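In this text the structure is predicted, and so the values were computed from the model without any measurement. Numbers restart at 1 for each chain; the letters A, B, ... are given by sequence-line order, proteins then strands.
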Amino acid sequence: MTKYQRITGMLDVLFDDQPYWRYILEKIRQTTDLFGYNRIDTPLLEQANLFIRGVGEGTDIVEKEMYIFEDRDGDYLALRPEFTAGIMRAYIENGMHTLPTPLRVWTVGPLFRHERPQAGRYRQHSQFDIEVIGERDPAVDVEVISLAWHLFTRLGFYGLRLYINSTGCPQCKPKYIQILVDYFSQFADKLPPNDQMRLKKNPLRILDSKEEATQPLLEDAPHITDHLCEECDTHFTKLKGYLEAINRTYIVDYRIVRGLDYYTKTVFEIKADGLGSQDTICGGGRYDGLIEELGGQPTPGIGFGSGIERYVIALRHLGITPPEEPFPKVTVSYLGEIAKLEALKLAESLREAHIGAQFTPGDRSFKAQLKAANRINAKFSIIMGENEVQVGQATVRDMENSEQTSVKLTEVVHWLTERL
RNA sequence: GCGGCUAUGGCUCAAUGGUAGAGCAUCUGGUUGUGGCCCAGAAGGUUGUGGGUUCGAGCCCCACUAGUCGCCCCA
């Protein structure tokens, strides 16, 4: 068939999707403006070690999903699989700790993970991401969640669910994991192979297992929220109180365990309908140890990533249609070579006047030119023929009622401005 | 990395193992300078790739590739 094809898991965003993207990016800007966040853009490529260190060596992302390669200088580079590590690198490298605290940033762009593609999951996908650096107050946890919620409301989403949990800290998390292992070890023989493996490798993952046999065992499984240290417990309690204060309904879901090593305390997810099995539209949490881990001063942080492709799927599912892309309301048609010159000039002056115009090239039949005007839903088509050139006038055809008016060439811009 | 389903013009799909078609879209014409509706015509395919079975394969078998949905995991 075709000689070249898309790389697996990477999408062409075609015209039918573009209005959604434009709409989404507009709403993102409005929302970040509303909350006072600064945009930051970091490179798509980083030293591979940044992610190995930042995201965690044992994580799936690092272990089997990173696009990693050696460049011409022999350095190991990786296509970024997530935003946070790169932004923290930028924060440290640019001495951004001297900026007013907390530092609030946002970004949007492509990320790369070599996973098996599926509905709502692509090897190259785009995320909207925000990070707040330098503040431990759970009030910023709430701010971050609120920002996501504002965006989704603006986009027109409904039926979303907010799930929160705490993953504790280096003090209490390991103790809880031990308690969890002890609990599931009693039922080791009842666990499906999948979860037996998790019990050994990553016990927390059993909590969000979809294995049927595991479900009854989860009923009585110990919850981390009952085993938090005092600091984490206070943080979680305040978080819930603040969420209630702003009337943000939440569900405490002790089964939320996020896949990245750096999370501490607050973790959260927002889910939407209509996405198939990949229904998380926003996921994030606090990472109070990450910046120090990457070589900076001990600094707390919190953020989330949110998948734009999933927004598009969800918007479609909910029947939310973005505004149409603006398109010129005027076309310029011509008959003959002399008139073509005038038509070109006219089209150019309409663009300079910010009216915009589309010119049909190729010396097509007049019929074809009007057809093209019709196709883009033009309100007017300006007709230039030999007759018009001779008398220095253009014929302006109203495409809705087919009425034609003669307008002096020098008056065309003015005439159209009054009617558009 | 594992599993189910799928693969025919740009798109959506037809074609008892026997000459690959339709609709939509595109272009042209029906009007020496007039769009939408209608009519006519043209262009567009080595049936995803490679093997095999058969007198003969779009159709049956195998492998690969890609898509899709799911698992793992995640946005």
Which part of the nucleic acid does A:I281 contact within heavy-atom distance under 4.0 Å: base, sugar-phosphate only, or nothing?
sugar-phosphate

Base, sugar-phosphate or nothing for A:G120? Non-hydrogen atoms, less than 4.0 Å.
base

Specify the separation, in whole Å, of atom CD1 of A:I383 and atom P of B:U31.
19 Å

Length of the line joining A:E342:CD and B:G33:P, which is rounded to integer Å
19 Å

Side chain of A:R121: nearest nucleotide among B:C73, B:U34, B:G33?
B:C73

Check A:K27 against A:L155 and note the closest heavy-atom contact, atom names and distance.
CG-CD2, 3.6 Å

Among B:C73, B:G35, B:A75, the one nearest A:L370 by side-chain distance:
B:G35

Can you give the donor-acceptor pairs under 3.5 Å from side chains of residues 401-413 of chain A to other protein atoms, not counting sequence neighbours?
| unit_1 | atom_1 | unit_2 | atom_2 | d |
| --- | --- | --- | --- | --- |
| A:N401 | OD1 | A:E403 | N | 3.0 |
| A:S402 | OG | A:R397 | NH2 | 3.4 |
| A:Q404 | OE1 | A:R397 | NH1 | 2.6 |

Donor/acceptor link under 3.5 angstrom from A:R205 side chain onto base of B:C72
no

Any A:T395 side-chain nitrogen or oxygen under 4.0 Å from OP1 or OP2 of B:G33
no

Please confirm whether the shortest side-chain N or O distance from A:R375 to OP1 or OP2 of B:C27 is below 4.0 Å.
yes

Electrostatic pair A:R255-A:D208, nearest N-O below 4.0 angstrom
no

Looking at B:G29, I'd like to know if its phosphate oxygens (OP1 or OP2) sit under 4.0 Å from a side-chain N or O belonging to A:S365.
yes

Determine the Euclidean distance between corresponding C1' atoms of B:U8 and B:A20; express it in Å to zero decimal places.
8 Å

With rounding to whole Å, what would you report as the distance between B:G44 and B:C37 at their P atoms?
26 Å

Does A:Q118 place a side-chain N or O at less than 4.0 Å from the phosphate oxygens OP1/OP2 of B:U68?
no

At under 4.0 Å between heavy atoms, what does A:F128 touch on the DNA or RNA strands: base, sugar-phosphate, or nothing?
nothing

Rounded to whole angstroms, how far apart are CE on A:M197 and P on B:C2?
14 Å

Residue pair A:H114/A:A119 against RNA chain B: nearer the 5' end by closest nucleotide is A:H114

Run the ring pair (Phe, Tyr, Trp, His ring centres under 6.0 Å) test on A:F157 and A:W149 for me, step by step, so that the C-alpha distance in whole Å, both residues' side-chain angles and the decisive distance to 0.1 Å come before the verdict.
CA-CA 9 Å; A:F157 286 144; A:W149 206 271; 9.9 Å; no

Take atom CD of A:Q171 as the centre, draw a 6.0 Å sphere, and report whether it contains more than 12 heavy atoms from other residues, nucleotides or ligands.
no

How many whole angstroms separate atom CZ of A:F83 from atom P of B:A75?
12 Å

Less than 3.5 Å between a donor and an acceptor, one on the side chain of A:K367 and one on the base of B:G36, is that the case here?
no

What contact category does A:R116 fall into here, base, sugar-phosphate, or nothing, at under 4.0 angstrom with non-hydrogen atoms?
base

What distance, rounded to whole Å, do you find between the two C1' atoms, one in B:U6 and one in B:C13?
14 Å

Kindly write out the residues that satisfy ring pair (Phe, Tyr, Trp, His ring centres under 6.0 Å) with A:Y311, not counting sequence neighbours, or none if the list is empty.
A:F152

A:Q5 has a side chain; which of B:C73, B:U65, B:G36 sits nearest to it?
B:U65

Distance check, P atoms only: B:G36 and B:U68, in whole angstrom units.
37 Å

Side-chain donor/acceptor of A:Q404 to base of B:U34, under 3.5 Å:
yes

Provide the distance between the two P atoms, one in B:U47 and one in B:C11, to the nearest whole Å.
16 Å

Given the structure, check if the side chain of A:E388 and the base of B:G33 hold any donor-acceptor pair shorter than 3.5 Å.
yes

May I ask you to say what A:A372 touches in the nucleic acid, namely base, sugar-phosphate or nothing, with a heavy-atom cut-off under 4.0 Å?
nothing

Roughly, in whole Å, what's the span from CZ in A:R364 to P in B:U28?
6 Å

Length of the line joining A:K371:NZ and B:U34:C1', which is rounded to integer Å
13 Å

What pair of heavy atoms forms the shortest contact from A:R123 to A:Y67, and how long is it?
CD-OH, 3.3 Å

Rounded to whole angstroms, how far apart are CD on A:E63 and P on B:C73?
12 Å

Gap between atoms CZ and P, on A:F366 and B:G35 respectively (whole Å)
8 Å

Can you tell me how far C1' in B:G58 sits from the matching atom in B:G17, rounded to whole Å?
11 Å

Should the ring pair A:H223 and A:Y254 be called parallel, tilted or perpendicular, given that the plane angle runs from 0 to 90° and is split at 30 and 60?
parallel

Residue of the set A:E292, A:E46, A:E293 for which salt bridge (charged side-chain N to carboxylate O under 4.0 Å, His left out) holds with A:R53:
A:E293

Please work out the stems of RNA chain B from pairs that are Watson-Crick or G-U wobble with both distances under 3.5 Å, keeping only runs of three or more consecutive pairs.
B:1-7 with B:65-71, B:10-13 with B:21-24, B:26-30 with B:38-42, B:48-52 with B:60-64

Does a side-chain N or O from A:T8 land closer than 4.0 Å to OP1 or OP2 of B:G67, or not?
yes

Kindly indicate whether a cation-pi arrangement holds for A:R104 with A:W106, taking the cut-offs as under 6.0 Å to the six-membered ring centre and within 45° of the axis.
no

Between B:C5 and B:G9 - C1' atom distance, rounded Å
24 Å

Sorted by position of nearest nucleotide on RNA chain B, 5' first, the leading residue of A:N387 and A:G9 is A:N387

Using the P atom in both, what is the distance from B:C61 to B:U53, to the nearest Å?
15 Å

